[in-house]
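Report on one structure; see the data block that follows.
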Amino acid sequence: MRPEILQPLFAETEALKGVGPQLAKSLARLNIARALDLAFHLPSGTIERVRAPHASHALVGRIVILDVTPFQVREGRNRAPMRIFARDGDDNTIPLTFFNNPGWAKKQLPLEEARMVVGKLDAYGDELQIVHPEVLKVGTPVPLREPVYPLTEGISNKRMGELARLGLERAPELPEWIEPSLKAQHGWPDWRQALALVHSDLDAENVRNRLAYDEIFANQLALLLIRQANRRRRTVPLNGDGRIVDRLNLPYQLTGAQARVIEEIRGDMAQDQPMLRLLQGDVGSGKTLVALLAMLHAVEAGAQAAMLAPTEILARQHHETLKRQCEAIGVNVAILTGREKGKARESVLMGLADGSIHVLVGTHAIFQQKVSYQNLGLVVVDEQHRFGVSQRLLLTEKGKHPPHLLAMTATPIPRTLTLTQYGEMEVSQIDELPPGRQPIDTLVVSDDKLGDVVDGLGRHLAAGGQAYWVCPLVEESELIDAAAAEERARQLKERFGDKRVGLVHGRMKGEEKDAVMTSFAAGDVGVLVATTVIEVGVDVPNATLMIIEGADRFGLAQLHQLRGRVGRGEGKSRCLLLRGPQLSETARARLALMRETNDGFRIAEEDLRLRGPGEILGTRQSGEQGFRLATPEQVVALAPAAQGDARLLLDRDGGLDSDRGQAARTCLYLFERDAAVGLIKGG
């Protein structure tokens, strides 16, 4: 239950003085619904003003405060602006220019009456002017520095500042949750003081760091509490006897890294506390085989296993792969997505309930309320970065006993980011590729050579090869990205024929996508044009050419994922990165690294360095509760200290029952990580 001291902060905005339904609606567009949201709506910058006795060229580009006396109006003709000429303190003439609403301007600036104007001083040829100044009575107090807030239509900056103060008024003094020596080391103020300062002292980077630390600390403490609670839970140990795994016809000898990781997983599954492990493996490192062996281990122990995939394409791919490998050894593998309806769906639900289905593969549909298992013992979550902590926990509630959980990602994650996203999990890495996997030759090609690339694609298809053509990220719009892919597919069909070119994008229905993917996998389609919907999970060994258009618009990790769709067979694979004519230094460095290495772990670290954590956290936090005060840069800088502080609290300072622990509990509620509090006995 939320502490009483925080209740005023969680009041809805309409409970605040002067906030009616219309203003509340405008605030909602900024995701502001409560007093807390207003208090946490931090300034994004500052306005600097200069009080000047007169206009001068030295002040051009600055926002000035001037006392002036208007003396002439010059009406605009043929859409020209209206200009009101005024004298400044030195009797110099300064034009005040208005492009619209001349009636308002003339009313605000009556001739021969002194007024104060505030606005940016511009040079118009040799002449100085102010365009659309704010007009005030002489002597009106105007701050020289003022915070600038993110705004929406219908709310001025001044009004937002007033609203933020209403939120601040409800913020109480709170007991301290930061370890005292750490707080002293940084010279951080108390929480309430920091929140007030950040809305007024705009140079207070240290104050912003204090508030960011609080949020990151809440994140780390919540993850550690989940891990601690998981260790207290009890489940049924799963000890396979090898009778099924030994009959499996493996495609190749396990690598040393795979063998090591499988032992770690089996060791976890043999315990009476549920496994909570993250498996990181580079593209093509054999994570799916490790997952299969873990699931068969569970089946040997008399349990069922479920595999959760983020997209239907990936779920169906896994289903086909696992079914092909398991049918011969008597293991029944089924699939459940939103598309399974009627008798097919009922058949799967009955098979899960009576235990005749041993392994289930699917999308979110597999943890819907109506899906019940006879004995769910292991859950595998593929492409883990697409799912959040709450979704992981939801799936683990489907068994009679808490099932073991293995989360996998083919997107190597820098260590600091792993702390903030998977801090509750043990981590394993497959850092070795299977034998026979050849490195992919990567070339960077200017897009003015597009004709040559299409000619080369024709030769590749004529030789019996297959290829992917990934279209650029036009903008954050599935509709526009799909339109770009459709246009490229149309052009390639004109060249190679309708039947040789397939198209897949996120706006297509599942059945349509599957039909195209099936044709591509069968070799009937020679080139698959796609958006990034194929980033994960598509496995066609005969496809040995990847063309990525607009490659300079993609991040390194995404380019690496896309490149990993080829190089899956015995043939030599190539990846062509088509770039635009103008390259930033970051884009140039990114493409150079792609040419240089196929190592996903190195690429992940470089991605963090080149792009900064902002973009990386932005793409990885779908499904996760993000940070609202902490910038990605602050997350990287402060997460290690926050995790250490949270560990210190739980291991040495008495946990949540101590004085500091009670304060930390308040911090969890304040930053809405309170789901973790419910995991604690008596929480």
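The residues of the chain are indexed from 1 along the displayed sequence. Only a predicted model underlies this, so the values are computations on that prediction, with no experimental measurement involved. For the numbers below, each heavy atom of this structure counts, side chains included, while hydrogens, waters and symmetry mates do not.
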Can you name the closest pair of heavy atoms from [X] and [Y] and give their distance?
{"X": "Ser573", "Y": "Ala543", "result": "OG-O, 4.5 Å"}
{"X": "His364", "Y": "Leu308", "result": "N-CD1, 3.7 Å"}
{"X": "Val348", "Y": "Ile335", "result": "CG2-O, 3.7 Å"}
{"X": "Leu254", "Y": "Leu289", "result": "CD2-CD2, 3.7 Å"}
{"X": "Ile430", "Y": "Phe601", "result": "O-CE1, 3.8 Å"}
{"X": "Leu376", "Y": "Pro403", "result": "O-CB, 3.7 Å"}

Phe217 and Phe671 aromatic centres sub-6.0 Å: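 Ring centres of Phe671 and Phe217 not closer than 6.0 Å.
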Just to verify, what does Arg2 make a salt bridge (Lys or Arg N to Asp or Glu O under 4.0 Å) with, not counting sequence neighbours? none
Say you draw a straight line from [atom1] of [X] to [atom2] of [Y]; how long is it, rounded to the nearest 0.5 Å?
{"X": "Asp382", "Y": "Met307", "atom1": "CG", "atom2": "CE", "value": "4.5 Å"}
{"X": "Asn239", "Y": "Gln271", "atom1": "CG", "atom2": "CD", "value": "9.0 Å"}
{"X": "Leu503", "Y": "Trp469", "atom1": "CG", "atom2": "CH2", "value": "13.5 Å"}
{"X": "Met275", "Y": "Leu405", "atom1": "CE", "atom2": "CG", "value": "7.0 Å"}
{"X": "Arg673", "Y": "Leu221", "atom1": "CZ", "atom2": "CG", "value": "11.0 Å"}
{"X": "Ile366", "Y": "Leu336", "atom1": "CD1", "atom2": "CG", "value": "8.0 Å"}

Minimum side-chain heavy-atom gap [X]-[Y] below 4.5 Å:
{"X": "Leu656", "Y": "Leu225", "result": "yes"}
{"X": "Met408", "Y": "Val380", "result": "yes"}
{"X": "Leu562", "Y": "Tyr468", "result": "no"}
{"X": "Val635", "Y": "Ile216", "result": "yes"}
{"X": "Arg227", "Y": "Leu276", "result": "no"}
{"X": "Ile603", "Y": "Leu593", "result": "yes"}
{"X": "Asp37", "Y": "Arg628", "result": "yes"}
{"X": "Leu292", "Y": "Leu248", "result": "yes"}

Checking Lys370 now: which residues fulfil side chain to side chain contact (heavy atoms under 4.5 Å, CB included) with it, not counting sequence neighbours?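 Side chain to side chain contact (heavy atoms under 4.5 Å, CB included) check on Lys370 returns nothing, list empty.
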Within a reach of under 6.0 Å around CD of Gln253, are more than 12 heavy atoms found that belong to other residues, nucleotides or ligands?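 No, not enclosed.
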CG (Asn249) with more than 12 external heavy atoms under 6.0 Å: no
Hey, could you give me each pair passing side-chain hydrogen bond (donor to acceptor under 3.5 Å, both in side chains) that has a residue in [range]? Not counting sequence neighbours.
{"range": "residues 344-354", "answer": "Arg345-Gln368, Asp354-Ser356"}
{"range": "residues 282-307", "answer": "Asp282-His560"}
{"range": "residues 327-342", "answer": "Glu312-Arg339, Arg316-Thr337, Arg316-Glu340, Thr337-Glu340, Arg339-Asp514"}

Show me, pair by pair, the donor-acceptor contacts under 3.5 angstrom made by side chains of residues 257-267, not counting sequence neighbours?
| residue | atom | partner | partner atom | Å |
| --- | --- | --- | --- | --- |
| Gln258 | OE1 | Thr255 | N | 3.0 |
| Gln258 | OE1 | Thr255 | OG1 | 3.4 |
| Gln258 | NE2 | Tyr252 | OH | 3.3 |
| Gln258 | NE2 | Gly286 | O | 3.1 |
| Arg260 | NH2 | Gln429 | O | 2.4 |
| Glu264 | OE1 | Ser428 | OG | 2.4 |

